[in-house]
Number of protein chains: 2
Amino acid sequence: MPALDPTDLWRRPERSAVGPKPEHSRSGIATAALRIADQEGLAAVSIRRVAASVGAGAASLYRYVKSHDELVELMMDTVSGEYHLEPGTGGPLEQLLDLAHQGRGIMQRHPWLAPLLLTRPSMGPNSLRYLEAALTTLESVDLPGPAKLQTVAMLSAITSAFVQNEMATARPPGPKGAATNRGQYLAEALKAGDYPHLTAALTGHSDEGHPDEHFTSIVTNYLTGAGIPSQPPD
Amino acid sequence: MPALDPTDLWRRPERSAVGPKPEHSRSGIATAALRIADQEGLAAVSIRRVAASVGAGAASLYRYVKSHDELVELMMDTVSGEYHLEPGTGGPLEQLLDLAHQGRGIMQRHPWLAPLLLTRPSMGPNSLRYLEAALTTLESVDLPGPAKLQTVAMLSAITSAFVQNEMATARPPGPKGAATNRGQYLAEALKAGDYPHLTAALTGHSDEGHPDEHFTSIVTNYLTGAGIPSQPPD
DNA sequence: CCATAATTGCGATCACCGTTCGCAATTAAG
DNA sequence: CTTAATTGCGAACGGTGATCGCAATTATGG
C-alpha cells in the first residue's frame, strides 16, 4: 500500500489546484540538494540539511518530496538535464561515444552520481529524454529493441565504472609527503613477501597516458563488439 | 588523528596479549553480518542488529570493529575468500575470464557486494590474494605494471556493472499480473507520445539469449581490446 | 461575498542509527 | 598475589528519516 517507489514522484503534479501557494519548488530544492552533494558528498544531503538550506522547516520538505529516496531521484533527474541532446553528427558509434563522454563529464562534476547510476536508474523526464536520444542514435542499426536497450544500459554502466575507478585511483590531495594510512598498511603487507606480483605492479612507476583516450578506446571497443557500426548501413 | 580509514582493521591483531578471552570473533561477526545482508540487504546491517545476532551488546561490537565502515570492509574481505585461486589452465585471457565468472557468481550470491566494489575497494588479505592471483595471470604479458592493475580493476568494474545491470533488469518476483508502480508510470509517460524509440524498444519482446554468453562476450571483448592475449607469447 | 474544502508550513515527536563513556569483571604477566 | 590491560555493556548524545496534528492560507462553488 505505501508508495515505496521513488518513481511515484513523476506522477504527482508539482502544484495542486487549491491551497496556499508553495513557498518553494522542486527545482529550488533540487539545486540546493545538488550544491550540498557536490561540495560535501551525498551523505550530507539529509532532509533537515536541505530544508534549512532553502529556508524551510524539516517537515515542510515532505510536501515536495515524499521520501529521501525521492529527493535523490529528483537530484539524479536534474543532472540528467545537463546532457546536450542535439541530433549530432557521425555514425551510431560516434554519437554514442559522444554521449558517453558527456556522461563522464557529468559524473565528474557530480561525484555522487556514478555509484547511484548503477544501483537505481532514474526514470524522470530528463533521464527518459536521454534514453530516447541514445536509442534514436541506434535507429538505423538492425538490432532487436531489447538488445539496443541493453547496449545503452551497458554503456552507462561502463562509463560509471570507469569514472569510479578513475576517482578511486586519483590520489587524494595530499601535498605533503604524508603517507596515507592505506599506503602504510599496504607497504607492511607487501614487505611480508606475499603478493610479489602486486608489489611489482605497484613499484612500476605510473605511466598512464591520457585518460580521455583510454576511455575512448574502452568504449569504442565495447560498442564495436556489441555490433554498433561506425557508419550507418546503406 | 582519528583512524578514519577502514583499512586500519587489518593492522590490528585479532586478539591482544592480556585481558579476558573475547566471547566472539571477527569471523563470527562477519558471518552474522553476511547472513543479514544477504537476506535483508546491506541497509539492515546495523551495529545493533549484528550485535544482537551474535548475542552481544551493541557497544561490545566496537571491541572487534572500530566503526560501521570497518564492519563492511570485513564483510567484503570475507566474501573475497570465496574465490578459488588455483593456478588454473589456459592463456591469460582464459584465466581472467574464469576469475570474472567467479566474481559474477559471488556478486550474485551477495547482492550488496556489486555496488560497494566500485566505491570502496577492499584491501583485506583475501582481497589482496585475489589481486595477486589476477596479476599472476598476467605474468607473461608484456605490459607496464600500472596498466595491468588498471586492467584488473576495470575487469572487476565491468563485472560489477554487468551484475548490477542484470539485477536491475531482472523483474522482481511478481507472480500475479500486478503492474508495478514503475511500470505504470512508464506506461503513462510512453502513452503521451514522446519517446517513440523507447516505446519501440520496450515493445519488442525480450529475446535476450543466455546472459552467460553475453557476459563472456563483453569481458572477452574488453580483454582483447586491452591487449590480453589468449595464448602466452613464446 | 462568503463558506467550504483542500493544501501548505512546521513544531513536536517516534524509532532507529553510529558512536562514546565509564565501570565492573576477567585475565595474563611479573 | 599484585598489577595492568582488556572485555562486555548499560546509558547516553547527537543526528537521521518519517509521521502527526494543527493553524494559516487559498481557489472554487454557492
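Chain naming here is simple, since letters A, B, ... match the order of the sequence lines and numbering starts at 1 in each.
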Engineer: Nearest to the R48(A) side chain among dA12(D), dT13(C), dC10(C), which nucleotide is it?
Structural biologist: dT13(C)
Engineer: H68(A) has an atom NE2; how far is it from atom C1' of dC17(C), in whole Å?
Structural biologist: 14 Å
Engineer: Check this for me, if you would: do D69(B) and R120(B) make a salt bridge, where the nitrogen-to-carboxylate-oxygen distance has to be below 4.0 angstrom?
Structural biologist: yes
Engineer: Could you give the CD1-to-C1' distance, from I47(B) to dC16(C), as a whole number of Å?
Structural biologist: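 Rounded to the whole Å, the gap is 13 Å.
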Engineer: To the nearest Å, give me how far apart OH (Y62(A)) and P (dA12(C)) are.
Structural biologist: 18 Å
Engineer: To the side chain of S60(B), which of dT25(D), dT27(C), dG8(D) is closest?
Structural biologist: dG8(D)
Engineer: Check the distance between dG8(D)'s C1' and L61(B)'s CG and give it to me in whole angstrom.
Structural biologist: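 That distance rounds to 11 Å.
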Engineer: Let me spell it out: for each of K21(B) and P22(A), pick the nucleotide of DNA chain C with the closest heavy atom. Which residue's pick is nearer the 5' end?
Structural biologist: P22(A)
Engineer: Please figure out whether V45(A) or G57(B) has its closest DNA chain D nucleotide nearer the 5' end.
Structural biologist: G57(B)
Engineer: Send over the distance from R63(B) CZ to dT26(C) P, rounded to a whole Å.
Structural biologist: 15 Å
Engineer: In whole angstrom, give the distance that lies between atom NZ of K66(B) and atom C1' of dT6(D).
Structural biologist: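 So the NZ-C1' distance, K66(B) to dT6(D), works out to 13 Å.
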Engineer: Under 4.0 Å between a side-chain nitrogen and a carboxylate oxygen: does that hold for R104(A) and D212(A)?
Structural biologist: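 Yes, this pair counts.
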Engineer: Rounded to the nearest angstrom, tell me the gap between atom CD in E40(A) and atom P in dT16(D).
Structural biologist: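 Spelled out: CD on E40(A) to P on dT16(D) is 11 Å.
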Engineer: Which residue, V18(B) or S46(A), contacts DNA chain D at a nucleotide closer to its 5' end, judged by nearest heavy atom?
Structural biologist: V18(B)
Engineer: CD of E23(B) versus C1' of dT26(C): gap in Å, rounded?
Structural biologist: 10 Å
Engineer: Counting any heavy atom closer than 4.0 Å, what does A58(A) reach on the DNA or RNA strands: base, sugar-phosphate only, or nothing?
Structural biologist: nothing
Engineer: Give the ring-plane orientation class for Y64(B) versus H24(B), where under 30° counts as parallel, over 60° as perpendicular and anything between as tilted.
Structural biologist: perpendicular
Engineer: Should Y64(A) be listed as having a side-chain N or O under 4.0 Å from OP1 or OP2 of dG9(C)?
Structural biologist: yes
Engineer: I want to verify a distance call: between dT26(C), dC9(D), dT26(D), whose nearest atom is closest to the P20(B) side chain?
Structural biologist: dT26(C)
Engineer: Will you find, in the side chains of W10(A) and E188(B), an N or O donor that is under 3.5 Å from an N or O acceptor?
Structural biologist: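 The answer is no; no qualifying pair exists.
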Engineer: Indicate yes or no: does E70(A) engage R12(A) in a salt bridge with an N to O separation below 4.0 Å.
Structural biologist: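 Counted as a salt bridge, because a side-chain N and a carboxylate O are separated by less than 4.0 Å.
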